[in-house]
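Report on the structure given below.
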Amino acid sequence: MNVINPTNILLPMKTTYTSLCLIAGLFCITVFSNSCAKADTSTGVPKEEQVVGEWVINRVQLRLYQNGVFIRDTIIKSTPKPKNFVRFEANGGFEYKLNSTISDLGTYEFGSASTLVTNSSPKAYSWTMITLTDVLFTVVSKGADPAFPGYFVERYQTFTR
């Protein structure tokens, strides 16, 4: 199809349409890449200092496996009573509260470069750290879980400030 312009010259519409799409596409890429980029909030602070404080338990995701085969991926519903949090104190104190009125209390320590282990009651935690910034802390624990007998469970947790 051709378009007639005011000077009565036939112009191919495909070239005009292609050029406009190309310009619009470049504009969209520029806008989305700049607006979706996450600022680097990590600091030079050692992890031992960076974890200290209270973190809100934002999400707990489970990946269930049976006999090495992935079975299910689910997110645990958050029902704070009154809030879900994990607290790391500078002196090594630890408190964890998820969907319960009672906290798990104890101590924590760092193992190898990326592990964090708690000695708490009634439940102990052994986490491998995935991300640690000023505002985001993600961990994973792997192994058997009494709530899911016969399954190998990967439990991903996201903490935020």
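Residues: numbered from 1 along the sequence shown.
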- Query: Would a 4.5 Å heavy-atom cut-off, applied to side chains only, mark Val86 and Trp127 as touching?
  - Reply: yes
- Across all chains, not counting sequence neighbours, the side-chain contact (heavy atoms from CB on, under 4.5 Å) partners of Thr79 are Lys77, Lys81, Asn99
- Query: Tracing side-chain links under 4.5 Å among I, L, V, M, F, W and Y, which residues wind up in one group with Leu105?
  - Reply: none
- Message: If you count heavy atoms of other groups shown closer than 6.0 angstrom to CG of Asn67, is the number above 12?
- Response: no
- Query: Can you name the closest pair of heavy atoms from Leu116 and Phe137 and give their distance?
  - Reply: CD2-CZ, 4.2 Å
- Task: Mind checking side-chain hydrogen bond (donor to acceptor under 3.5 Å, both in side chains) for Ser103 and listing every partner two or more places apart, or none if nothing turns up?
- Result: Glu95
- Rest of the hydrophobic cluster containing Val117 (Ile/Leu/Val/Met/Phe/Trp/Tyr, side-chain heavy atoms under 4.5 Å)? none
- Message: Are Ile76 and Tyr151 connected into the same hydrophobic cluster when the rule is that any two of I, L, V, M, F, W, Y join if their side-chain heavy atoms are below 4.5 Å apart?
- Response: yes
- May I ask whether Val52 and Leu132 are part of the same hydrophobic cluster, defined by side-chain heavy atoms of I, L, V, M, F, W, Y residues being less than 4.5 angstrom apart, directly or through others? yes
- Enter the distance from Leu98:CG to Ser78:OG here, rounded to the nearest 0.5 Å. 7.0 Å
- Note on the structure: Sequence neighbours excluded, the answer for side-chain hydrogen bond (donor to acceptor under 3.5 Å, both in side chains) partners of Glu89 is none
- Message: Within this structure, what is the CZ-OG1 distance for the pair Phe148 and Thr74, rounded to the nearest 0.5 Å?
- Response: 7.5 Å
- Using the test side-chain hydrogen bond (donor to acceptor under 3.5 Å, both in side chains), find all partners of Thr131 that sit at least two apart in sequence or belong to another chain. Thr138
- Closest heavy-atom pair and its distance - Phe110, Val51: CZ-CG2, 3.7 Å
- State which residues pass side-chain contact (heavy atoms from CB on, under 4.5 Å) with Ser100; sequence neighbours excluded, sorted by chain then number. Ile102
- Item | Any residue meeting side-chain contact (heavy atoms from CB on, under 4.5 Å) with Thr115, in chain and number order, not counting sequence neighbours | Ser112, Thr128
- Query: Where do Arg161 and Gln50 come nearest, in terms of heavy atoms and distance?
  - Reply: NH2-O, 2.6 Å
- Task: Kindly write out the residues that satisfy side-chain hydrogen bond (donor to acceptor under 3.5 Å, both in side chains) with Ser126, not counting sequence neighbours, or none if the list is empty.
- Result: none
Could you list the donor-acceptor pairs under 3.5 angstrom formed between side-chain atoms of residues 56-65 and any protein atom two or more places apart in sequence or on another chain?
from  : atom 1 : to    : atom 2 : distance (Å)
Arg59 : NH2    : Gln61 : OE1    : 2.8
Gln61 : NE2    : Asp73 : OD1    : 2.8
Gln61 : NE2    : Asp73 : OD2    : 3.1
Arg63 : NE     : Tyr65 : OH     : 3.3
Arg63 : NH2    : Tyr65 : OH     : 3.3

- Query: Hey, are the side chains of Tyr108 and Tyr125 touching, using non-hydrogen atoms and a 4.5 Å cut-off?
  - Reply: no
- Task: Could you name each residue pair satisfying salt bridge (charged side-chain N to carboxylate O under 4.0 Å, His left out) that touches residues 103-127, not counting sequence neighbours?
- Result: none
Side-chain donor-acceptor pairs under 3.5 Å in residues 152-159, sequence neighbours left out?
from   : atom 1 : to     : atom 2 : distance (Å)
Glu154 : OE1    : Tyr156 : OH     : 3.1
Arg155 : NH2    : Asp145 : OD2    : 2.7
Gln157 : OE1    : Tyr96  : OH     : 2.6

